[in-house]
2 protein chains.
Amino acid sequence: MAEAPGGENLLYLTDEQLRKGIEAMFFAYRGFTADPDRILETMDYGRAHHRAVHFIHRSPGTTVSNLLAILGVTKQSLNRVLRTLIDEGQVRVEKGKVDARERHLYLTAKGAELERSLSDAQRARMRAAYRAAGPQAVQGFRQVLEAMMDPEMRVQYSRLKDGT
Amino acid sequence: MAEAPGGENLLYLTDEQLRKGIEAMFFAYRGFTADPDRILETMDYGRAHHRAVHFIHRSPGTTVSNLLAILGVTKQSLNRVLRTLIDEGQVRVEKGKVDARERHLYLTAKGAELERSLSDAQRARMRAAYRAAGPQAVQGFRQVLEAMMDPEMRVQYSRLKDGT
DNA sequence: AATTTACGTCAGCCTTGTTGACATTCCAAG
DNA sequence: CTTGGAATGTCAACAAGGCTGACGTAAATT
């Protein structure tokens, strides 16, 4: 932990180290999405559906606007995905009671089951990676990822993290 | 480091912690690609072009097959991207001397410049994140990412990492 | 009453992935 | 020398999932 006073060890900031980090992100993200992708494929859904389902599960009753902000896509793009999920009974829509313009989104029982199968697969890999790397490494992992986010996304992340 | 014997602290493996890790990956990957994406947009290239340029830079003289294996796409998909890069003078092709079926790929001066501008942008963010998190965290970051890869991808990653 | 907000939808476009088919070139084995 | 298979290129067609722009409607706000 302690470095020579007045001069930390900065070898970890070389271009070479950074390139390794970049490639690690690239390859790891592939692994990260591989398992849910396989499941989604069998039911004619894509990653976009997964993301919607994930965040609706995470924040039940969230509005369309909210989801747009989190996912960072256009309403047309989200709507396409959302429509299929609703039509196929994965997501339930509820008109807002306080503000009737808003549509609140919930997973149905069927949708919750889908979410579980997807997140089980993804968590299994994440768990294996966590276990292999150990708690210390996991803490570092989270720190670096958080620092890599755009500030607005960091807000979204923290909001979810703290359970607001 | 040392835990109670026979029972490590496994709190970091809870579903809640794993969910945070999953969302961290999601939001961080967005940041990870945001800067190069902005540059690419201005020159009518996409992420696919970036990936090709990156790995050709990383392994000059690599073959099409090699690139296919690393990128994990079909040759038709890669070829489309590769052709525009060649046509626009970013990439130079050389017939193999030992095996003339192979096409060895190199960046031109122009392509190298493109690569530099893209990786400068991406490295800047990575460097900031690394610096903010510190060397200890970076080590953990890399450990978790590596553990998250598919085994075949880990091979590709290590091959590059060690400079084979 | 007028404006703004939240949402939905139609139409069209682009990138980047896919499959399938086919041609060429060339190495290597029989 | 011939032949099979490997490496590559290319054509066509399609799909997912981004995007913009335009328009409509209902509800809240001013």
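To find a chain, count down the sequence lines: A is the first, B the second, and so on, and within it residues start at 1.
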Counting heavy atoms from C-beta on, name the nucleotide in [options] closest to the side chain of [X].
X: B:Ala100; options: C:dC26, C:dT16, C:dG8; result: C:dC26
X: A:Arg101; options: C:dT19, C:dT4, C:dG17; result: C:dT4
X: A:Arg80; options: C:dG17, D:dG18, D:dA28; result: D:dG18
X: A:Arg83; options: C:dT9, D:dT10, D:dC19; result: C:dT9
X: A:Thr74; options: C:dT16, D:dG9, D:dC19; result: D:dC19
X: A:Arg51; options: D:dG18, C:dG17, D:dA28; result: D:dG18

Students often mix this up, so state it plainly: with edges at 30° and 60°, are the rings of [X] and [Y] parallel, tilted or perpendicular?
X: A:Tyr12; Y: B:Tyr130; result: parallel
X: A:Tyr29; Y: A:Phe32; result: tilted
X: A:Phe27; Y: B:Tyr157; result: perpendicular

Provide a list of protein-nucleic acid N or O atom pairs under 3.5 angstrom, restricted to nucleotides 21-24 of chain C.
none

Q) When you check the phosphate oxygens OP1 and OP2 of D:dA27, does a side-chain N or O of A:Lys95 lie under 4.0 Å from one of them? A) yes
Spacing between [X] atom [atom1] and [N] atom [atom2], to the nearest angstrom:
X: B:Asp44; N: D:dC19; atom1: CG; atom2: P; result: 17 Å
X: B:Glu41; N: C:dT15; atom1: CD; atom2: P; result: 11 Å
X: B:Asn79; N: D:dA12; atom1: CG; atom2: P; result: 14 Å
X: B:Arg30; N: D:dG17; atom1: CZ; atom2: C1'; result: 14 Å
X: A:Leu82; N: C:dA6; atom1: CG; atom2: P; result: 17 Å
X: A:His49; N: D:dA15; atom1: NE2; atom2: C1'; result: 12 Å
X: A:Leu78; N: D:dG18; atom1: CG; atom2: P; result: 9 Å
X: B:Arg38; N: D:dG18; atom1: CZ; atom2: P; result: 18 Å

(Q) I need the minimum non-hydrogen distance between A:Pro36 and A:Ala121, along with the two atoms involved. (A)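 Distance-wise, the nearest heavy atoms are N-CB, 4.5 Å.
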Q: Walk me through it: do A:Asp15 and B:Arg123 pass the test salt bridge (charged side-chain N to carboxylate O under 4.0 Å, His left out)?
A: CA-CA 7 Å; A:Asp15 282 2; B:Arg123 267 201 306 270; 3.4 Å; yes
Q) Just checking A:Val98: base, sugar-phosphate only, or nothing, at a heavy-atom cut-off of under 4.0 Å? A) sugar-phosphate
Q: Please step through salt bridge (charged side-chain N to carboxylate O under 4.0 Å, His left out) for the pair A:Arg19 and A:Glu23, ending with a clear verdict.
A: CA-CA 6 Å; A:Arg19 184 188 58 75; A:Glu23 290 179 359; 3.1 Å; yes
Q. Do the side chain of B:Arg51 and the main chain of A:Phe26 share a donor and acceptor less than 3.5 angstrom apart?
A. no
(Q) Assuming nearest nucleotide by heavy-atom distance, tell me which of A:Arg103 and A:Gly72 is located more 5' along DNA chain D. (A)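 Looking at the nearest nucleotide for each, A:Gly72 comes out on the 5' side.
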